[in-house]
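Working notes, beginning with the structure itself.
Counting convention: from 1, in listed order, for ligands and their atoms alike. Computed from a predicted structure; not experimentally measured.
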Amino acid sequence: MNEDTLEHQLYDQEAETFRNQLATVTAEGKRKWVYPKKPSGRFHRARVVVSAILLLVLILTPFLKLNGHPFILFDFLNRKFILFGILFGPHDFHLLVIAMISLVVFVILFTAVFGRIFCGWACPQTIFMEMVFRKIEYWIEGDAKDQRKLKAAPWTVSKFFKKTIKQVIFFTIAFFISNIFLSYIIGIDALIKIITDPPSEHLQGLFAITVFSGIFYFVFSNFREQACTIVCPYGRLQGVLLDRDSIVIAYDNIRGEPRKKYKRDEGWENRGDCIECYQCVEVCPTGIDIRNGIQLECVNCTACIDACDDIMDKVKRPRGLIRYASLNSIQKKAKWRFTPREIGYSALLTVLVSVLVILLLNRTDFSATILRTAGLLYQEQPNNMISNLYDLNMVNKTFDKIPITLKLENIEGELKLVGNQIIMEPQGNIDAKFLVLLPKNELAKMSTPIDIGIYSGNNLIKKVSTSFLAPMKKKDE
Ligand code: SF4
Ligand code: SF4
């Protein structure tokens, strides 16, 4: 059997329409509501545990502090970011750019190797949808069959009560998520202030919470899988990120075809292991049939693996008709290998991460540059002194205010600041000017190297070297 024939077997020819229309849209273009059957099985149990841990991390992280400051903060409004207690600001833009490029390359590499494993196990959309909102729906309205029945039933007190209580709980959770989301942007202290102060003092904050709550409520109560299939750019990029060696959730068509209904007394000769029970389709939260091959809609939730394993147990066939596998491992029995494409991505990622680490290790909390003011050489001053004017630029990357004093380090002379004493605000950036005055007869050369010490109190926080210009000495001087 050649490869083309094998690949063609992946697709149910009669149902080839899946290529032309979304599983969640009817032929008339209307939304087809998905009622996935309650998932169960070993992968689902493992996902419940992983989801619970990730939800805990997500909820508790905003409360974590280091030296009184948030552990993590993404304050886009003030361009202030705190990662693992370290403050990053606009002056760290180059680090942000390299970090973002590294992240993109990492995502490409990770997806090329492991497919959409992130979507199923760690994506907040999938976790909230499948592990929080969907579970509440099962609890209130029952399994898929009951939900369909309830939808078709006339409005009674019981139906009204169930639908209302579900929506109230959904909105409450959406409100809670929006608070958590906001705490990552403005910090938990600011959020607590919004909650505890009179509403009139935080109209902007309350507006933001209301808008976020509305968006989350809409996404989880109505939009659901459409967020993954229509909006998510990561999902839509799968076509270029995956290849035949990527590990995806795949149906083993070699083993499963030709599919046929199962009859206990017929045996397993001249047929595949798929018994056409449709359990893999019934549990799918995006409404697809994984037997049609890899599809953009598949969020790797593992529900079809569990459903099919359960069926295989019942008909006494080996598990894994649907499993984590690459197309090449199914069709060519190829062992997993690190492909040249993945080696290339890894090399690029190694370079990027190395550069990032070097830059991070050399990053200082305080930076300063001193340049002689452009266009000026030197000035003759009374008492046989020569002066040079300098431009000073300083960046304070810390959480603290720093009062600054400047001193000449390696030569006797005077240093005069133009203006008041400098006090650097946290995350502040300051430009200042100062004069250095040196006695003319001490200056043997036209250019003399000088060191300027930048002090906070008695602590030398930085020493900057520059040069001092003086007139050329005449031969008889
Ligand atoms: S659950 Fe397994 S046996 Fe049943 S239809 Fe799906 S692939 Fe075939
Ligand atoms: S095809 Fe399987 S893994 Fe993919 S979304 Fe549907 S149930 Fe989940």
Side-chain angles (χ1 to χ4, degrees), residues 9-12 14-15 18 22-24 32 34-48 50-51 111 114-123 125-127 129-131 134 144 224-230 232 234-236 238-239 242 246-264 266 268 271-327 330:
Q9 278 193 356
L10 273 176
Y11 313 121
D12 177 348
E14 282 171 21
F18 80 91
L22 280 170
T24 51
K32 212 195 279 176
V34 182
Y35 293 97
K37 218 175 138 192
K38 226 190 241 180
S40 63
R42 59 193 170 128
F43 280 103
H44 183 71
R45 283 194 297 278
R47 281 184 61 226
V48 168
V50 172
S51 301
T111 312
F114 297 109
R116 289 179 78 172
I117 206 164
F118 169 83
C119 299
W121 291 81
C123 172
Q125 162 73 22
T126 315
I127 291 180
M129 187 65 247
E130 303 307 324
M131 297 295 165
R134 192 90 72 188
R224 302 192 156 193
E225 74 290 337
Q226 310 282 304
C228 307
T229 56
I230 296 175
C232 176
Y234 181 58
R236 301 198 72 85
Q238 295 306 308
L242 298 176
S246 306
I247 293 168
V248 291
I249 291 185
Y251 164 69
D252 186 342
N253 62 307
I254 306 291
R255 197 187 127 188
E257 302 295 321
R259 60 185 83 161
K260 203 172 152 198
K261 288 269 179 228
Y262 173 68
K263 287 194 186 122
R264 210 176 277 265
E266 265 186 6
W268 293 93
R271 59 159 298 158
D273 279 355
C274 174
I275 64 163
E276 282 268 60
C277 65
Y278 282 94
Q279 287 309 298
C280 51
V281 183
E282 297 267 312
V283 292
C284 180
T286 62
I288 59 167
D289 185 343
I290 190 68
R291 295 173 302 166
N292 289 331
I294 301 167
Q295 291 150 78
L296 177 154
E297 293 96 325
C298 175
V299 292
N300 273 223
C301 74
T302 71
C304 54
I305 302 184
D306 280 333
C308 191
D309 280 352
D310 187 40
I311 296 297
M312 291 297 110
D313 288 350
K314 283 183 182 143
V315 296
K316 302 209 168 24
R317 302 297 293 165
R319 287 178 168 192
L321 180 57
I322 300 174
R323 61 179 185 272
Y324 278 111
S326 70
L327 283 187
I330 290 174

Side-chain (Arg236) to main-chain (Thr229) donor-acceptor, under 3.5 angstrom: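 At least one qualifying donor-acceptor pair exists.
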Residue Cys298, metal atom 8 (Fe) of ligand 2, N/O/S under 2.8 Å: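 No - counting backbone and side chain alike, Cys298 has no N, O or S atom under 2.8 Å.
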Near [X], which atoms of ligand 2 are under 4.0 Å from a heavy atom of that residue?
X      : result
Thr286 : 5 (S)
Asn300 : 3 (S), 4 (Fe)
Ile290 : 1 (S)
Ile249 : 3 (S)
Val299 : 4 (Fe), 5 (S)

May I ask you to test the [X]-[Y] pair for a side-chain heavy-atom distance under 4.5 Å?
X      : Y      : value
Lys38  : His44  : no
Met131 : Val48  : yes
Ile288 : Cys298 : yes
Arg42  : Asp306 : yes
Cys277 : Tyr262 : no
Gln125 : Glu225 : no

Proximal protein heteroatoms (N, O or S) of atom 2 (Fe) of ligand 1, under 2.8 Å: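 Protein N/O/S atoms under 2.8 Å of atom 2 (Fe) of ligand 1: Cys308 SG.
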For Tyr278, atoms of ligand 1 separated by under 4.0 Å from a heavy atom: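 Numbered from 1, ligand 1 contributes 4 (Fe), 5 (S).
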Asp273: partners by salt bridge (Lys or Arg N to Asp or Glu O under 4.0 Å), with sequence neighbours left out: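 In terms of salt bridge (Lys or Arg N to Asp or Glu O under 4.0 Å), with neighbours along the sequence ignored, Asp273 is linked to Arg255, Arg317.
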Mutual orientation of the aromatic rings belonging to Phe43 and Trp121 [parallel < 30°, tilted 30-60°, perpendicular > 60°]: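 Rings of Phe43 and Trp121: perpendicular, over 60°.
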Closest candidate by heavy atom, reference atom 7 (S) of ligand 2, pool Cys301, Cys119, Pro36: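 Of the listed residues, Cys301 has the closest heavy atom.
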